[in-house]
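Comments concern the structure below.
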Amino acid sequence: MPPIPGSGLAKGLAVTLRTMTKKTVTEQYPDVQPELPPRTRGVIGLFEENCTVCMLCARECPDWCIYIDSHKETVPAAAPGGRERSRNVLDRFAIDFSLCMYCGICIEVCPFDALFWSPEFEYSETDIRDLTHERDKLREWMWTVPAPPALDPGAEEPKELAAARKTADKLAAQREAAELEAAEREAAPQDTARPEQEGRE
């Protein structure tokens, strides 16, 4: 059966009428900040203490917008007779957000959790050169990184937390043993002095 002439127009007008009767909701930005999803890709924060200058993020970046400079330092031997070691020291870590495509590959490939997504997005500049954020600016973005979501009740404890708790328990046990041993040493001279005094009497 052929369609009735004008039925498409009637359906379109019906949709328009339904939309016109609904109340419009307008977010008054920037007076009212939007509610962003928890995994919003706004800006990248750098946790510098975790960075080992492995260069994985810079090598895997499709846009080559990560700039890293470093130098080597010699670390003296930890024990006598040991050998000296060398380590990389971070001199510069910068991200050019005018080139960044916000793919998140750098965050995914970082093996030491030094890069994190922040939901902040209000960092536009009038000069494109100011969109290159150096490590001090990237560190400031870390304060805006949301806390990770809670684990499921039945999930296993992360290995890092288990290892840290085991180390803390071990140190606490060593401290208690040292305090107990010190208390016994303080009490020992008094006990040995009593028999001598009793013999003299």
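The ring pair (Phe, Tyr, Trp, His ring centres under 6.0 Å) search around Y123 returns F97, H133, W141, not counting sequence neighbours. Under the side-chain hydrogen bond (donor to acceptor under 3.5 Å, both in side chains) criterion, D130 pairs with no residue, sequence neighbours left out. Residues meeting the side-chain contact (heavy atoms from CB on, under 4.5 Å) test with E49, sequence neighbours left out: F47, R139.
Within the 4.5 Å cutoff, the side chain of R135 has no heavy atoms near those of the R92 side chain. By the 4.5 Å heavy-atom criterion applied to side chains, E27 and V32 are not counted as neighbours. Taking 4.5 Å as the limit, every side-chain heavy atom of I107 sits out of range of all side-chain heavy atoms of F116. Inter-residue side-chain proximity for I105 and P62 is flagged as met; some heavy-atom pair is nearer than 4.5 Å. Residues I95 and Y67 fail the side-chain proximity criterion, which asks for heavy atoms closer than 4.5 Å. At least one side-chain heavy atom of E122 sits under 4.5 Å from a side-chain heavy atom of Q33. With contacts defined as side-chain heavy-atom distances shorter than 4.5 Å, the pair D63/Y102 does not qualify. Inter-residue side-chain proximity for N88 and T52 is flagged as unmet; no heavy-atom pair is nearer than 4.5 Å.
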**Prompt:** What's the verdict on side-chain contact (heavy atoms from CB on, under 4.5 Å) for T74 and R85, showing C-alpha distance, side-chain angles and the deciding distance?
**Reply:** CA-CA 6 Å; T74 302; R85 298 183 180 272; over 6 Å; no

**Request:** Decide salt bridge (Lys or Arg N to Asp or Glu O under 4.0 Å) for R185 and E181; before the verdict, give the C-alpha distance in whole Å, the side-chain angles of both, and the deciding distance to 0.1 Å.
**Result:** CA-CA 6 Å; R185 287 179 183 172; E181 185 178 350; 2.6 Å; yes

**Chi angles and distances behind the side-chain contact (heavy atoms from CB on, under 4.5 Å) call for S118, V43** = CA-CA 5 Å; S118 166; V43 71; 3.7 Å; yes

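Of all heavy-atom pairs spanning L138 and A94, the tightest one is CD1-CA, 4.3 Å. Among all heavy-atom pairs drawn from L56 and V109, the shortest one is CD1-O, 3.8 Å. Between C110 and L115, the shortest heavy-atom distance links the atoms SG-N, 4.3 Å. Nearest approach of E125 to L131, heavy atoms of both residues: CG-CD2, 4.0 Å. The two residues T144 and P119 make their nearest non-hydrogen contact at O-CD, 3.5 Å. Between W117 and P146, the shortest heavy-atom contact is O-CD, 4.1 Å.
Note that CG of L180 is 4.5 Å distant from CD of E184, once rounded to the nearest 0.5 Å. The distance from the OG atom of S70 to the CG atom of D91 is 6.5 Å, given to the nearest 0.5 Å. In this structure, CZ in R41 is found 14.5 Å from CG in L36, a value given to the nearest 0.5 Å. Rounding to the nearest 0.5 Å gives a distance of 9.0 Å between CD1 of I68 and CZ of R59. Taking CD from E108 and SG from C57, the interatomic distance works out to 13.0 Å, rounded to the nearest 0.5 Å. Taking SG of C51 as the reference point, atom CZ of F93 lies at 5.5 Å (rounded to 0.5 Å).
A distance-only check finds no donor-acceptor pair linking the side chain of D96 to the backbone of C65 [under 3.5 Å]. At distances below 3.5 Å, not a single donor-acceptor pair connects side-chain atoms of T40 with backbone N or O atoms of G42.
Remark: I128 CD1 is loosely packed, at most 12 non-hydrogen atoms of other residues, nucleotides or ligands lying under 6.0 Å away. Around atom CD of E73, more than 12 heavy atoms belonging to other residues, nucleotides or ligands sit under 6.0 Å away.
Both I44 and M55 are assigned to one and the same hydrophobic cluster, defined by single-linkage of ILVMFWY side chains at heavy-atom distances under 4.5 Å.
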